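The shown structure was predicted, so the numbers you read here are calculated from the model rather than taken from an experiment. Below, chains carry the letters A, B, ... as their sequence lines are ordered, and counting in each starts from 1.
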Protein chains: 2
Amino acid sequence: MKSSNVVKVSFKEQMLQAREEAIIRTVNLLLAEKGFEAMTVDEVAASVGIAKASLYKHFPSKEDLAAAAMVSVMRRAQAFIATLPAEVAAVDKLRAVVRWTMEVKLAGEMPSLPSQNSKLRAALIGNRDYMDGLMEVSDALGSWIEAAQAQGAINSSIPAIAILYTVYARACDPVLEFLKMGGQHDDAQIIDLVMSTCFEGLNARPG
Amino acid sequence: MKSSNVVKVSFKEQMLQAREEAIIRTVNLLLAEKGFEAMTVDEVAASVGIAKASLYKHFPSKEDLAAAAMVSVMRRAQAFIATLPAEVAAVDKLRAVVRWTMEVKLAGEMPSLPSQNSKLRAALIGNRDYMDGLMEVSDALGSWIEAAQAQGAINSSIPAIAILYTVYARACDPVLEFLKMGGQHDDAQIIDLVMSTCFEGLNARPG
DNA sequence: GTCTATAATCAGATAGAC
DNA sequence: GTCTATCTGATTATAGAC
């Protein structure tokens, strides 16, 4: 009896977790496609295939849905960062992360949140998982930035924090969508272009 | 009698136009501060000091309000472009426009619109004044970009359209707000930093 | 936990008097 | 054209049965 119960509970929990993951995937896609304000909870419920009330049993508010999606991408970022070999040069790790970020965005999997909404900000700041992930990612990027500056690979006259913000900003760079809408370039070309403007700048190379 | 009427009508029209300009100024500030979705028509009316119904006599929809604000900044851009002397190098004109754009944004006068909202897109595309202004500005910038590339000042391996988008993107660059929130730099320093990352890139200068 | 049905609210837009 | 008052629809969130 006991082992049967244990199995049953575990299975139930697995189902619940799978459903939550399905919800988060849907939220992620909708946030990437239309943004936080335009995404409605009805839409999420319909897309997942469950009732809206059931959704609210899993996540107590729309803001918490968005926060869960952010936690999800933050985990993906941490996982990607963990795959980078230690012997790679700091600047190349930075470049890899910027490239990965833009790939996720072009794949339609980068949630876009308004930076002004205060309720949403509160939900994010109050979410330990999100804040922990953000800190960990920022620590990794920050150490690479400082190393790359010390090695003379990244411009040392720019504060590390400004470099960090510039890296993060690639997650919501409208140039990617504009070039994609233009239809003249495929994703790989777009990424190469923006990588170039980001690291080499708009100026012609001297010499 | 006739001349008196003429004066009266002219005065009335002046008042109307002044009120419309006040509306647009308010919309401009609110759009810059909170974005299109978060800005409410009630807010606009209250801030201008008129009834909401009166607002709708001037502008038939919220989208038209936003479009009017965009027309306003577009005119300001055209005016600024017109002040640049012909003898200035193309790349320096580009730099001047990028700098001006970021100054307007840091001053809280750059309306921020969601690029996804289709109703809003329709209103903008259907607005002849906006489209004309956008075309004129894009033509000016485009010719400077091509000239600067021909002169070896701007990287020729990047398509001109990508350069143009990168310039426009400074109008909604979150790096500016983030650095401003940090409080470690004043507006002039922030602009210099982003000017540097935009044109010189993140890489250290060779040599 | 999941559902149907409903509450509660808010925001865009309008009616009609003046 | 401007106002007060109202309509209409959409959206977040919840009650209560199963």
Side-chain angles (χ1 to χ4, degrees), chain A residues 5 8-24 26-27 30-31 33-69 113-114 116-124, chain B residues 5 8-24 26-27 30-31 33-69 113-114 116-124:
Chain A
N5 272 345
K8 218 170 187 176
V9 167
S10 170
F11 179 70
K12 235 180 176 175
E13 281 175 353
Q14 262 190 341
M15 292 298 291
L16 276 184
Q17 194 179 340
R19 175 157 283 190
E20 291 211 347
E21 280 167 11
I23 293 171
I24 291 175
T26 293
V27 170
L30 286 174
L31 282 181
E33 181 191 341
K34 25 201 334 183
F36 180 77
E37 323 270 358
M39 176 189 81
T40 70
V41 178
D42 290 87
E43 229 173 0
V44 176
S47 179
V48 176
I50 63 175
K52 187 162 49 167
S54 307
L55 204 53
Y56 274 98
K57 297 287 184 178
H58 289 277
F59 301 93
S61 76
K62 186 185 177 184
E63 283 75 22
D64 287 284
L65 276 176
L113 302 183
Q116 301 114 332
N117 187 327
S118 59
K119 268 177 75 179
L120 183 54
R121 287 187 75 85
L124 284 175
Chain B
N5 271 344
K8 217 170 187 177
V9 167
S10 169
F11 179 70
K12 232 178 176 176
E13 281 175 354
Q14 262 190 342
M15 291 299 291
L16 276 184
Q17 194 178 340
R19 175 157 283 194
E20 291 211 345
E21 280 167 12
I23 293 172
I24 291 174
T26 293
V27 171
L30 286 174
L31 282 180
E33 180 191 341
K34 22 199 339 180
F36 180 75
E37 323 270 358
M39 177 188 82
T40 70
V41 178
D42 290 86
E43 229 172 358
V44 175
S47 179
V48 176
I50 62 176
K52 185 161 55 165
S54 306
L55 204 54
Y56 275 98
K57 297 285 183 180
H58 289 277
F59 301 93
S61 75
K62 186 185 177 184
E63 282 75 22
D64 287 284
L65 277 175
L113 302 184
Q116 301 114 332
N117 188 326
S118 58
K119 267 177 75 179
L120 183 54
R121 287 187 75 86
L124 284 176

TODO: Can you check each nucleotide of nucleotides 2-14 of chain C against protein heavy atoms at under 4.0 Å and return B for base, S for sugar-phosphate only, - for none, in 5' to 3' order?
DONE: BBB------SBBB
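For A:Ala68, the side chain to side chain contact (heavy atoms under 4.5 Å, CB included) partners at least two apart in sequence or on another chain are A:Ile24, A:Phe59. With sequence neighbours excluded, the residues satisfying side chain to side chain contact (heavy atoms under 4.5 Å, CB included) with A:Ser47 are A:Thr26. With sequence neighbours left out, A:Glu20 forms a salt bridge (charged side-chain N to carboxylate O under 4.0 Å, His left out) with no residue at all. Partners of A:Asp64 according to the side-chain hydrogen bond (donor to acceptor under 3.5 Å, both in side chains) rule, which considers only residues two or more places apart in sequence or in another chain, are A:Ser61.
Straight-line distance from the CD1 atom of B:Ile23 to the C1' atom of D:dG1: 11 Å, rounded to whole Å. Going from atom CG of A:Leu30 over to atom P of D:dT12 covers 12 Å, rounded to whole Å.
Sequence neighbours left out, the pairs with a member in residues 52-62 of chain A that pass salt bridge (Lys or Arg N to Asp or Glu O under 4.0 Å) are A:Asp42-A:Lys52.
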